[in-house]
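One structure below.
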Amino acid sequence: MGMLRKVIASGVAAKVVQELQKPQNQAKIKQFIRDYQAKNKGGGKRPTGRGY
């Protein structure tokens with residue numbers, strides 16, 4: 001059973017790597033990262049827990 005799980009996991013990993021190498025998917029990933037960073041940038045200071 002453990003061997004079957006490893007075979008399936010390696011197959012899934014190979015498919016993910018194939019998809020990540022496609023230029024259109026790389027562009028989508030880069031845009032997602034840009035949007036995520038922009039959303040989380042400049043959100044103010046985090047409370048430190050003092051004085052609350």
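These numbers come from a predicted model, not from an experiment.
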Are more than 12 heavy atoms, taken from residues, nucleotides or ligands other than Arg5, located less than 6.0 Å from that residue's CZ atom?
no

According to the side chain to side chain donor-acceptor pair (under 3.5 Å) rule, which pairs have a member within residues 6-16, sequence neighbours left out?
Lys15-Glu19

How many angstroms lie between NZ in Lys41 and OH in Tyr36, if you round to the nearest 0.5 Å?
14.5 Å

Working to the nearest 0.5 angstrom, can you tell me the gap between Leu20 CG and Ile29 CD1?
4.5 Å

Who passes side chain to side chain contact (heavy atoms under 4.5 Å, CB included) against Leu4, sequence neighbours left out?
Ile8

Report the residues that fulfil side chain to side chain contact (heavy atoms under 4.5 Å, CB included) with Gln24, sequence neighbours left out, ordered by chain and then residue number.
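Once residues adjacent in sequence are excluded, the partners of Gln24 under the side chain to side chain contact (heavy atoms under 4.5 Å, CB included) criterion are Lys22.
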
Smallest separation among heavy atoms of Gln21 and Gln26, with atom names
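Scanning both residues completely, I find the closest heavy atoms to be O-NE2, 3.5 Å.
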
